[in-house]
Protein chains: 2
Amino acid sequence: MSESINKQFFMDKQNFSHDIVALIKQQILNGELSPGDRIVETRLARELGISQTPVREAIRHLSGEGIITIVPNKGPIVKALEKRDVFEIYSLRAVIEGLAMRMATQLASDQDIAELEAFYDEMRAKLHDDTVDSLLADSLHIHQTIMRLSNHSKLMKTYESISFQISMVNRILGKESTKQKEVDQHLELIEALAARDPDQAEKTMRRHIYRSYREFIDMKEEDRWEYGEHLWFEK
Amino acid sequence: MSESINKQFFMDKQNFSHDIVALIKQQILNGELSPGDRIVETRLARELGISQTPVREAIRHLSGEGIITIVPNKGPIVKALEKRDVFEIYSLRAVIEGLAMRMATQLASDQDIAELEAFYDEMRAKLHDDTVDSLLADSLHIHQTIMRLSNHSKLMKTYESISFQISMVNRILGKESTKQKEVDQHLELIEALAARDPDQAEKTMRRHIYRSYREFIDMKEEDRWEYGEHLWFEK
DNA sequence: ACAAAGCATATTGTCAGAAAATTATATATA
DNA sequence: TATATATAATTTTCTGACAATATGCTTTGT
């Protein structure tokens, strides 16, 4: 019944499991699959109109990525995010992106930086008549650009796996940022980049991410995993 | 023929693929499987005396971890390590372990530190009549202990996946370190930990790893991915 | 009414083999 | 000889069926 409908997902340049990996990720970000949800291999296979094996392969791949947990003889579940995870995600992100900044100060061309500045100006211009979602997207774009400028593939891979979970956090808990502050912080980032001072750039990025984390927990949580600022950046 | 022999690998508390993941990793570290080698699912399954499916699952999991690359319709190969990879591994490791140090200064108990100091004394005592392999193992133990003290699961997971590749690097290219220097550096680490100064601790760790990297490329390579010290730590 | 035991169902784990794709080998043609 | 074409062999990919295990429900005994 729903077989023919879902077959559209298979643009299938490569193989089934490859597309199923993408499909499941997308469903998690959409909210069709929530953390803690069980994934039933047979059911998913039936819905997609294919057999069990490629579904299993996709799930095994995702378990390797750490997005899905497989309980032996019980089955796969979408990894749930605890409060502790949020702390870990942000703190890891801080050092990952910190190093990216450091490298970007050395590797970015003048044009790269000019483009970032232009993008920022646009972002600031439409600040007041724009949605929070759009702001988040723009923010994400800046961070991704910096990651790309670092030209460090393992850094990017690690970032992607975290970034996915960040998106999960944002989608689950929503986010109302004070737009002005958010925008200002990104100016700091770009200025630090333009100054081409690695030490300062790294510190700025770490502080930026620490502030995001603080904002997040101040809004949503009572108990926090914090251990104080000195766990995040220098003085 | 070799079926019954290899069956011993399956202590099999959970399921086949779980053990095959461990088996393949072990074979890579042993050198039975080298980077760039192809893995033929049917052959491996036949050798182990089981069917193809669990082998495939294990390989899919490993591809998720990034240890194996799957070329669609061609098959899995053990990911090869380029020179560039070595740079990326060390630099990523520097920030990962840097953060671990930072956290360890806050989370380690006095006893934890005392144990590390005791271990170090032992290590130094047997310095002269010990092999390089044994020294490397001791060094690894210290690093792993610090990771554990950080009590940061995502950090540890990232570290593990790098650590695996570090071991690959070491086994492929060998390593004759100047033992004395190597040992001294670890003293610095433990002292920084004992001082419980997060900033200093992080910097010490980063410098330590940077030095390892330098030692490595000075020994083996001509061309280097370096970009200067300021990419690694503050001044 | 409640708990334990046994049965039924659902789901995972494994298998053997067909279908599709790739690679290697051999044959034919210029 | 060299190049292209056809054929064979290998390997991946996928399927459908079955066994092993866990879960939920009913029955039974007290």
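Throughout, a chain's letter reflects where its sequence line sits, starting with A, and its residues are numbered from 1.
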Restricting both atoms to N or O, compile the protein contacts to nucleotides 15-20 of chain C shorter than 3.5 Å, with distance only.
| unit_1 | atom_1 | unit_2 | atom_2 | d |
| --- | --- | --- | --- | --- |
| dC15(C) | OP2 | Ser51(B) | N | 2.9 |
| dC15(C) | OP2 | Ser51(B) | OG | 3.3 |
| dC15(C) | N4 | Thr53(B) | OG1 | 3.3 |

Between [X] ([atom1]) and [N] ([atom2]), how many Å, whole number?
| X | N | atom1 | atom2 | value |
| --- | --- | --- | --- | --- |
| Glu41(B) | dT12(D) | CD | C1' | 6 Å |
| Asn73(A) | dT14(C) | CG | P | 8 Å |
| Asp19(B) | dG13(C) | CG | P | 13 Å |
| Asn15(A) | dT15(D) | CG | C1' | 15 Å |
| Arg38(A) | dA10(C) | CZ | C1' | 9 Å |
| Leu44(B) | dT14(C) | CG | P | 14 Å |

side-chain N/O Lys74(B) vs dA21(C) OP1/OP2, d < 4.0 Å: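 Lys74(B) to dA21(C) OP1/OP2: no side-chain N or O under 4.0 Å.
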
Interface with DNA chain D, restricted to residues 56-71 of chain B and to heavy atoms under 4.0 Å: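 Heavy-atom contacts with DNA chain D come from Arg56(B), Arg60(B).
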
Close aromatic pair by centroid cut-off 6.0 Å: His143(B) and His186(B):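 Ring centroids of His143(B) and His186(B) are less than 6.0 Å from each other.
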
Shortest non-hydrogen contact from Ile162(A) toward Arg93(A):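 The answer is CD1-N, 4.2 Å.
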
Side-chain ion pair, Arg211(A) and Glu215(A), N-O less than 4.0 Å: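 So Arg211(A) does not pair with Glu215(A) through a salt bridge.
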
Short N-O contact, Arg206(A) and Glu202(B), less than 4.0 angstrom: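 Looking at Glu202(B) together with Arg206(A), the answer is yes, because their closest N to O distance falls below 4.0 Å.
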
Sugar-phosphate only, base, or nothing, as touched by Ile39(A) at under 4.0 Å among non-hydrogen atoms: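 Ile39(A): backbone/sugar contact only, no base atoms under 4.0 Å.
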
Any donor-acceptor N/O pair, Arg60(A) side chain to Arg56(B) backbone, under 3.5 Å: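 Side chain of Arg60(A) to backbone of Arg56(B), a donor-acceptor pair under 3.5 Å: no, none is there.
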
Whether Ser212(B) side chain and His208(B) backbone form a donor-acceptor pair below 3.5 Å: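 Flag set: sc Ser212(B) to bb His208(B) pair under 3.5 Å.
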
Verdict with reasoning, Glu65(A) to Lys25(A), per salt bridge (Lys or Arg N to Asp or Glu O under 4.0 Å): CA-CA 11 Å; Glu65(A) 279 198 49; Lys25(A) 281 186 179 178; 3.3 Å; yes

From CA spacing to verdict: side-chain hydrogen bond (donor to acceptor under 3.5 Å, both in side chains), His61(A), Ser17(A): CA-CA 9 Å; His61(A) 180 98; Ser17(A) 60; over 6 Å; no

Side-chain heavy-atom pair Met103(A), Asn151(A) within 4.5 angstrom cut-off: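 They are not in contact (no side-chain heavy atoms under 4.5 Å apart), so the answer is no.
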
